[in-house]
Amino acid sequence: MLRTVSKAFTTVANELIPKSKTVYETVAQHKYARLANASYYFKRQAFVKEFLKEMKETKDFQLDKEFSNEEVSTFVNLKTREVVVAYRGTSNIKDVGTDLMVLTSTERLSFRVRSSLKLMERVLRKYQGFNVKSTGHSLGAMLSRMVSNSFGLESHNFNPAESIHGSFIKQNAMTFNYRTHYDAVSILAKDTIRVPTKVGNEATLESVHRLNNFYNKRANRVIVDGEEM
């Protein structure tokens, strides 16, 4: 009798407990999420260097100080001739003003949008012949998306904020928007690549939105259909 009850309990429990599964994510997702994260640490470049060294695809990127400040970091890889302009998300009271403009679909009038467009013009003039891309998180992801679409560049945007007006704008084929499940900030983002929230980050809206949902230091590289994941 006890054995039968135990077996029945185990059967029910197995049905109720979510099955674990292997999640395959692209190397590009982890690479550009790291570069987007680095934009939050402009004043801590020693940390940034060590952080980028942890992944072979980011270890050779160097900060170009001419095109970097507390709002944006421009990274250059001379070996691969790749430039990545990483836009920082909301971090201070000034950014809240831009966030409010996003809510009212007037973001194109904001200083951060205008300055981001001007900076990319300068980057493209200096790095002719390089593969220039952009990335960012949250508000920074929206800036990345807007700038890359204006110049026809590839962009990797993580939990991007989006206005009602922006959600109707056609994006170029090289726009990659990544969104975690249940993220409220990116709810209007178009054509998103859905990414599972990292275990332990499901508790609050803030933790679901975090950039560290998109890369994992313990991730193992595997080959799936001929592509490294």
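Computed from heavy atoms alone, side chains included, the values below leave out hydrogens, waters and symmetry copies. Keep in mind that this is a model prediction, so the values were computed, not measured.
Hydrophobic clustering (ILVMFWY, side-chain heavy atoms < 4.5 Å, transitive): Ile193 and Met174 are in distinct clusters. Cluster annotation: Val208 and Phe214 are assigned to distinct hydrophobic clusters (Ile/Leu/Val/Met/Phe/Trp/Tyr, side-chain heavy-atom contacts under 4.5 Å, transitive).
Closest of all the heavy-atom pairs between Ala38 and Leu52 is CB-CD2, 4.5 Å. Closest non-hydrogen pair, Ala33 versus Tyr215, comes out as CB-CD2, 3.9 Å. Nearest heavy-atom pair across Leu63 and Ser68 is CD1-OG, 3.2 Å.
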For a side chain to side chain contact (heavy atoms under 4.5 Å, CB included) check, start with the C-alpha distance between Asn157 and Met142, then their side-chain angles and the critical distance, and finish with the verdict. CA-CA 7 Å; Asn157 316 309; Met142 184 202 72; over 6 Å; no

From CA spacing to verdict: side chain to side chain contact (heavy atoms under 4.5 Å, CB included), Val27, Met55: CA-CA 10 Å; Val27 170; Met55 188 177 185; 3.6 Å; yes

Test side chain to side chain contact (heavy atoms under 4.5 Å, CB included) on Asn159 and Ser138 and set out the steps. CA-CA 5 Å; Asn159 279 340; Ser138 195; 5.7 Å; no

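A donor-acceptor pair is defined here as one N or O able to donate and one able to accept, closer than 3.5 Å; such a pair exists between the side chain of Ser148 and the backbone of Ser144. Looking at Asn69, its side chain does come within 3.5 Å of a backbone N or O of Val72 through a donor-acceptor pair. Here the side chain of Asn213 pairs a donor or acceptor atom with the backbone of Ser207 at under 3.5 angstrom. Judged by distance alone, the side chain of Thr180 and the main-chain N or O of Thr197 form no donor-acceptor pair under 3.5 Å. Judged by distance alone, with hydrogens and angles left aside, the side-chain atoms of Thr58 form no donor-acceptor pair with the main-chain N or O of Lys31 at under 3.5 Å.
For the ring-ring contact (aromatic ring centres under 6.0 Å, His included) test, residues two or more places apart in sequence or in another chain that qualify with Phe47 are Tyr41, Phe51. With sequence neighbours excluded, the residues forming a side-chain contact (heavy atoms from CB on, under 4.5 Å) with Glu206 are Thr204, Arg210, listed by chain and number. In this structure Asn131 satisfies the side-chain contact (heavy atoms from CB on, under 4.5 Å) test together with Lys133, sequence neighbours excluded. Checked against ring-ring contact (aromatic ring centres under 6.0 Å, His included), Phe61 has no partners two or more places apart in sequence or in another chain. Listed by chain and residue number, Ser186, His209 satisfy the side-chain hydrogen bond (donor to acceptor under 3.5 Å, both in side chains) test with Asp183 (two or more places apart in sequence, or in another chain). In this structure Asn216 satisfies the side-chain contact (heavy atoms from CB on, under 4.5 Å) test together with His30, Lys198, Arg218, Ala219, sequence neighbours excluded. Here Tyr32 pairs with His156 under the ring-ring contact (aromatic ring centres under 6.0 Å, His included) rule; sequence neighbours left out. For Tyr127, the ring-ring contact (aromatic ring centres under 6.0 Å, His included) test picks out Phe130, with sequence neighbours left out. Taking the side-chain contact (heavy atoms from CB on, under 4.5 Å) definition, one finds that Glu50 meets it with Lys53, sequence neighbours left out. Taking the salt bridge (charged side-chain N to carboxylate O under 4.0 Å, His left out) definition, one finds that Arg179 meets it with nothing, sequence neighbours left out. Checked against side-chain hydrogen bond (donor to acceptor under 3.5 Å, both in side chains), Arg194 has the following partners two or more places apart in sequence or in another chain: His181. For Ser73, the side-chain hydrogen bond (donor to acceptor under 3.5 Å, both in side chains) test picks out no residue, with sequence neighbours left out.
Under 4.0 Å is where a charged nitrogen must lie from a carboxylate oxygen, and between Lys190 and Glu162 no such pair does. Ion pairing of Glu54 with Lys59 is absent here, as no side-chain N (NZ or NE/NH1/NH2) approaches a carboxylate O to less than 4.0 Å. Ionic pairing of Lys126 and Glu66 is present here: one or more N-O contacts between side-chain nitrogen and carboxylate oxygen are shorter than 4.0 angstrom. Ion pair Arg221/Glu25 not flagged as a salt bridge, since none of the NZ, NE, NH1 or NH2 atoms sits closer than 4.0 Å to an Asp/Glu carboxylate oxygen.
At a threshold of 4.5 Å between non-hydrogen side-chain atoms, the residues Val113 and Leu143 count as touching. Using a 4.5 Å heavy-atom cutoff, the side chains of Val85 and Thr74 are in contact. When side chains are defined from C-beta on, Phe75 does not count as touching Asp64, because their heavy atoms never get closer than 4.5 Å. The shortest distance between side-chain heavy atoms of Leu124 and Phe151 falls below 4.5 Å. You'll find the side chain of Val123 reaches within 4.5 Å of the side chain of Val83, heavy atoms only.
The CD atom of Glu121 sits 7.0 Å away from atom CG of Leu117, with the distance rounded to the nearest 0.5 Å. For the atom pair CZ of Phe67 and CG of Leu119, the computed distance is 6.5 Å after rounding to the nearest 0.5 Å. We find the CG-CG distance between Asn172 and Leu153 to be 8.0 Å, quoted to the nearest 0.5 Å. To the nearest 0.5 angstrom, Ser134 atom OG is 12.0 Å from Met146 atom CE. Between atom OG1 of residue Thr135 and atom CZ of residue Arg145 there is a gap of 14.0 Å, rounded to the nearest 0.5 Å. Considering CG of Asn37 and OG of Ser39, their distance stands at 7.0 Å, rounded to 0.5 Å.
With Glu70 as the partner, the salt bridge (Lys or Arg N to Asp or Glu O under 4.0 Å) test is satisfied by one option alone out of Lys43, Arg112, Arg88, Arg44: Lys43.
Within 6.0 Å of atom NZ in Lys49, 12 or fewer heavy atoms from other residues, nucleotides or ligands are found, so the atom counts as exposed in its surroundings.
Residues Thr175 and Asn149 bring a donor and an acceptor atom of their side chains to less than 3.5 Å of each other. In the model, Tyr87 has no side-chain atom that pairs as donor or acceptor with a side-chain atom of His137 under 3.5 Å. With no hydrogens or angles considered, no side-chain donor-acceptor pair links Gln62 and Asn77 at under 3.5 Å.
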